[in-house]
Amino acid sequence: MALQNGFSSDHPYIYHPHDLQHLHHPEYFDEATIQHRETIWKAFAKNSSKVICASEFVRKDLLEKWLIDADKLTVLRVPAPTPSLSIRPDSGAKQHSIIYVANFWPHKNQETLIRAVKKLSKSIPDIQLTLIGEGSARARCEEISRELGLNENVRFLGSVSQSRLESEVSMHEIVCVPSEFEAGSFPIIEGMRFNKKVVASSIAPFQEIAGFGITLYGLPKDYLALARELEKEFAIFPVSESVVLGYQKYLASMTPMRTGEKLVSIYQEVLEGAKLK
């Protein structure tokens, strides 16, 4: 959940923190925000009956950095919204095309992907990159794109509807997620759903799911490593059966129904524990 504020209660409650990005990248936050998270959010986590984490990485962070009781911590990966359109996974993907869906916050790292596209454009002139989202770093990324002479290669679509987003994903060959920091990734899930090649940075939450068919390229800001991996993926067609099977296995483990059932069981556990006290 993006909103992590709330109110104190004498009743048992479950807390859903997103992540502790402010401790990993304090340069992206002002002092007041860091202080708020280190007092209010931390208190919510410490006083909760259970804490639900989006990945094993987040669970370890809460255990080590906030010293939350290990018995409170449960990993529950959240599925992306159910697709609103019935689009065939193989419908009209344009060759040498990449899409990244993320708001333009510094840690989303669109700049590195743009620089990788510039590197690839020398050998693949028709390469296309579509960036969906808004945010504080968008103007800077647009400026870099112009400076690198990529006006014909990079599209900035801004915010779009869910149906437009799904349509755009279906029309691209590669879903790329070069984030510096994440708790998890809806774009990766969307890429899997449409059987796209998925190339992502080698950050801890993505390493947890590397065995399900996605490709990791290395350090987030290494645009040369990203360019090399994208070039390799462009040479592979179609997406291999083993990759598709990996996607299916991962998606089956986190369907809305299975996620809902697990969430209900966690709440029931908390309620039953409260009755015993």
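Gln268 meets the side-chain hydrogen bond (donor to acceptor under 3.5 Å, both in side chains) test with no other residue; sequence neighbours excluded. Not counting sequence neighbours, the partners of Ala225 by the side-chain contact (heavy atoms from CB on, under 4.5 Å) test are Tyr217, Asp222, Arg228. Applying the side-chain contact (heavy atoms from CB on, under 4.5 Å) test to Leu148 and every residue at least two apart in sequence or in another chain returns Ile114, Arg115, Lys118, Ile144, Leu150. By the side-chain contact (heavy atoms from CB on, under 4.5 Å) test, Pro12 is found to be paired with Ser49, Val270, Ala274, residues two or more places apart in sequence or in another chain being considered. Annotation: side-chain hydrogen bond (donor to acceptor under 3.5 Å, both in side chains) contacts of Glu190 (sequence neighbours excluded): none. Not counting sequence neighbours, the partners of Gln248 by the side-chain contact (heavy atoms from CB on, under 4.5 Å) test are Val244, Leu245.
Grouped with Tyr28 in one hydrophobic cluster are Phe29, Ile34, the linkage being side-chain heavy-atom contacts under 4.5 Å among Ile, Leu, Val, Met, Phe, Trp and Tyr residues. Other residues sharing the hydrophobic cluster of Leu224, ordered by chain and number and joined by side-chain separations under 4.5 Å: Tyr223.
Taking the six-membered ring where the residue is Trp, Phe44 and Tyr13 present perpendicular rings, their angle passing 60° and hence far from 30°.
Under the 3.5 Å distance criterion, the side-chain polar atoms of Gln207 are matched with a main-chain donor or acceptor of Ser202. A donor-acceptor contact shorter than 3.5 Å links the side chain of Ser55 to the backbone of Ala183. At distances below 3.5 Å, not a single donor-acceptor pair connects side-chain atoms of Asn103 with backbone N or O atoms of Gly135. The closest donor-acceptor contact from the side chain of Ser121 to the backbone of Ile124 lies at 3.5 Å or more, if one exists at all. Within the 3.5 Å criterion, the main-chain N or O of Val51 finds no donor-acceptor partner in the side chain of Lys72. With Thr259 contributing its side chain and Thr255 its backbone, the two residues share a donor-acceptor pair below 3.5 Å.
His107 and Ser179 share no donor-acceptor pair across their side chains, judged by distance under 3.5 Å alone.
In summary, Lys108 and Glu182 engage in a salt bridge, as defined by a charged side-chain N under 4.0 Å from a carboxylate O. Taking the charged nitrogens against the carboxylate oxygens, Lys196 and Glu173 have no contact shorter than 4.0 Å, which rules out a salt bridge.
Pairs engaging residues 243-273 under the ring-ring contact (aromatic ring centres under 6.0 Å, His included) rule: Phe212-Tyr250 [sequence neighbours left out]. Sequence neighbours left out, the pairs with a member in residues 151-161 that pass salt bridge (charged side-chain N to carboxylate O under 4.0 Å, His left out) are Arg155-Glu168. Screening residues 241-265 for salt bridge (charged side-chain N to carboxylate O under 4.0 Å, His left out) gives no qualifying pairs among residues at least two apart or on separate chains.
Of all heavy-atom pairs between Pro178 and Ser201, the closest is C-OG, 3.7 Å. Looking at every heavy atom in both residues, Phe186 comes nearest to Val78 through CE1-O, 3.6 Å. Nearest heavy atom pair, residue Leu120 against residue Ala227, reads CD2-O, 3.4 Å.
The number of heavy-atom neighbours closer than 6.0 Å to CD of Glu27, taken from other residues, nucleotides and ligands shown, is above 12. Lys42 NZ: more than 12 foreign heavy atoms inside a 6.0 Å radius.
Atom-to-atom distance recorded for Glu111:CD and Cys141:SG is 6.0 Å, nearest 0.5 angstrom. Note that CZ of Arg164 is 13.0 Å distant from CD of Gln162, once rounded to the nearest 0.5 Å.
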Open item on the list: Before you tell me yes or no, could you show the steps for His172 and Thr130 under side chain to side chain donor-acceptor pair (under 3.5 Å), namely the whole-Å CA-CA distance, both residues' side-chain angles and the distance that decides it to 0.1 Å?
Closed with: CA-CA 9 Å; His172 288 72; Thr130 297; 2.8 Å; yes
Please list every donor-acceptor pair under 3.5 Å in which a side-chain atom of residues 56-70 meets a protein atom from a residue at least two apart or in another chain.
from, atom 1, to, atom 2, distance (Å)
Glu56, OE1, Arg59, NE, 3.2
Glu56, OE2, Arg59, NE, 2.9
Glu56, OE2, Arg59, NH2, 2.8
Asp61, OD1, His24, NE2, 3.2
Asp61, OD1, Lys65, NZ, 3.0
Asp61, OD2, His24, NE2, 2.6
Trp66, NE1, Glu38, OE2, 2.8
Asp69, OD1, Asp71, N, 3.0

